[in-house]
Novice: 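Handing you this structure, nothing more for now.
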2 protein chains.
Amino acid sequence: MDINVKDVKEILKEEGYKLTTQRKAILDAILENHEKHLNPEEIYNIVKLKCPDIGIATVYRTLQLFEKLNIVCRVNFDDGYNRYELIYDTEQHQHHHLICLNCGKVIEVKMDLLETLENEIEREYGFSIVDHNVKFFGYCSDCEK
Amino acid sequence: MDINVKDVKEILKEEGYKLTTQRKAILDAILENHEKHLNPEEIYNIVKLKCPDIGIATVYRTLQLFEKLNIVCRVNFDDGYNRYELIYDTEQHQHHHLICLNCGKVIEVKMDLLETLENEIEREYGFSIVDHNVKFFGYCSDCEK
DNA sequence: TTTCACCTGCTTATAGTTCTCAATACTAGC
DNA sequence: GCTAGTATTGAGAACTATAAGCAGGTGAAA
Ligand SMILES: [Mn+2]
Ligand SMILES: [Mn+2]
Ligand SMILES: [Zn+2]
Ligand SMILES: [Zn+2]
């Protein structure tokens, strides 16, 4: 289910890119924090521990590359950063996110349950849907009390 | 149904703000382009026609104020701009957007159809939903051909 | 080992947005 | 209407996330 380093090496190679030390370190940082939706700066700080000479430009460049190759995808929580997460083979659409308005926690929702709505949209608007982006704002169970 | 200048004047007054010439001009620009999801620069250019001395800082400040007072809301189409649209009294949740990956057109969807999903989420995660943000990416009827 | 395209870190540039501040415009109380 | 006090403004500088330019480094293929 999870994408791993070997898979990424394959994907890069196929497109003529190399899995350099820096790229592997960035990938590791994302793999080891797969639920955290890191931004470039957070990734930079994690990677610097093992790879102290890395420049932040490399982090940005690598994330763009990974995004182009569908290894990661960008998510936007409207906090002024681009954030990134792995794309899993098992999901054909991006999963949904619940964002707590009180504590800022982000919860992932694997249920899709959009078929009815998507069918309605395709029928009503003649719009053929490729992907979606769904966020719910509210209060998590901890903050609701 | 539509919010109007008088309503806004009321809302501002209640909170101790004034409906200045500049604020009215910005509101007008948004009202007259209610389907367009303008960004601050576009608003600035429209407003400058009737209000040539306005500074762009005033546009940014006013949009922030309108957002705080729930007169407009910010929408993000991942094109590097904040965009703004009026909030209508009739909708309790933000409407959905269809974004064409080919021509960039943005279509509004007034059907909500998220009750099943939202109920599932409230039940399964104990997360109490206040609002949502739903975007569909794909190809519009013109581009599909 | 030589070649050559890829890749890197450093630095500078870009662009959307916010901040600072002095000047101006309103408003309420006289 | 005048005055005092507050809200608002425009201009420009500052900020911040990200991208671009460049010269040197790296590593696989010949
Ligand atoms: Mn996620
Ligand atoms: Mn809209
Ligand atoms: Zn919470
Ligand atoms: Zn289209």
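Convention: sequence-line order gives letters A, B, ...; per-chain numbering from 1.
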Novice: Rounded to the nearest Å, what distance is computed from the CG atom of residue A/Leu65 to the C1' atom of nucleotide D/dA19?
Specialist: 15 Å
Novice: Between atom OH in A/Tyr44 and atom P in D/dT18, what is the gap in whole Å?
Specialist: 14 Å
Novice: Grab the NZ-C1' distance between B/Lys18 and C/dT27 for me, whole Å please.
Specialist: 6 Å
Novice: Tell me whether the rings of B/His96 and B/His132 are parallel (<30°), tilted (30 to 60°) or perpendicular (>60°).
Specialist: tilted
Novice: Taking for each residue the nucleotide of DNA chain C bearing the nearest heavy atom, is the 5' side occupied by B/Thr21 or by B/Glu41?
Specialist: B/Glu41
Novice: How many angstroms lie between OG1 in B/Thr20 and NZ in B/Lys18, if you round to the nearest 0.5 Å?
Specialist: 9.0 Å
Novice: With a 4.5 Å cut-off on side-chain heavy atoms, are B/Leu101 and A/Asp131 touching?
Specialist: no
Novice: Is any side-chain nitrogen or oxygen of B/Gln22 closer than 4.0 Å to OP1 or OP2 of D/dG10?
Specialist: yes
Novice: Does anything in residues 52-59 of chain B come within less than 4.0 Å of DNA chain D? Heavy atoms only, and list the residues if so.
Specialist: B/Asp53, B/Ile54, B/Gly55, B/Ala57, B/Thr58
Novice: Given C/dG16, is OP1 or OP2 found less than 4.0 Å from the side-chain N or O atoms of B/Asn39?
Specialist: no
Novice: Which is it for B/Cys103 and B/Asp142 under the side-chain contact (heavy atoms from CB on, under 4.5 Å) test, yes or no, and what are the steps along the way?
Specialist: CA-CA 9 Å; B/Cys103 68; B/Asp142 293 341; over 6 Å; no
Novice: Between P on C/dG16 and CG on B/Asn45, what's the gap in Å once rounded to a whole number?
Specialist: 12 Å
Novice: Same cluster or not: B/Phe137 versus B/Val134, using hydrophobic residues (I, L, V, M, F, W, Y) connected whenever any side-chain heavy atoms lie under 4.5 Å apart?
Specialist: no
Novice: From D/dA17, D/dT8, D/dA11, pick the nucleotide closest to the side chain of B/Tyr17?
Specialist: D/dT8
Novice: Measure CG/A/Leu19 against P/D/dT26 and give the value in whole Å, please.
Specialist: 17 Å
Novice: Rounded to whole Å, please give me the gap between CD1 in A/Ile43 and P in D/dT18.
Specialist: 10 Å
Novice: Rounded to whole Å, please give me the gap between OH in B/Tyr81 and P in C/dT14.
Specialist: 15 Å
Novice: Does a side-chain N or O from A/Arg23 land closer than 4.0 Å to OP1 or OP2 of C/dT8, or not?
Specialist: yes
Novice: Provide, to the nearest angstrom, the distance between the NZ atom belonging to A/Lys48 and the P atom belonging to C/dG9.
Specialist: 12 Å
Novice: If only side-chain N and O atoms of A/Tyr60 are considered, is one of them under 4.0 Å from the OP1 or OP2 phosphate oxygen of D/dT18?
Specialist: yes
Novice: Please tell me whether A/Tyr88 and A/Lys110 have a donor and an acceptor in their side chains that are separated by less than 3.5 angstrom.
Specialist: no
Novice: Is it the case that the side chains of A/His34 and A/Glu108 hold a donor-acceptor pair, with the cut-off being a distance below 3.5 Å and no angle test?
Specialist: no
Novice: Are B/Thr20 and C/dC26 close enough that a side-chain N or O sits under 4.0 Å from OP1 or OP2?
Specialist: no
Novice: Check every atom of D/dG10, D/dT18, C/dT17 against the side chain of B/Arg61 and return the nucleotide holding the closest atom.
Specialist: D/dG10
Novice: Are any of B/Gln64's side-chain N or O atoms less than 4.0 Å away from OP1 or OP2 of C/dT17?
Specialist: no
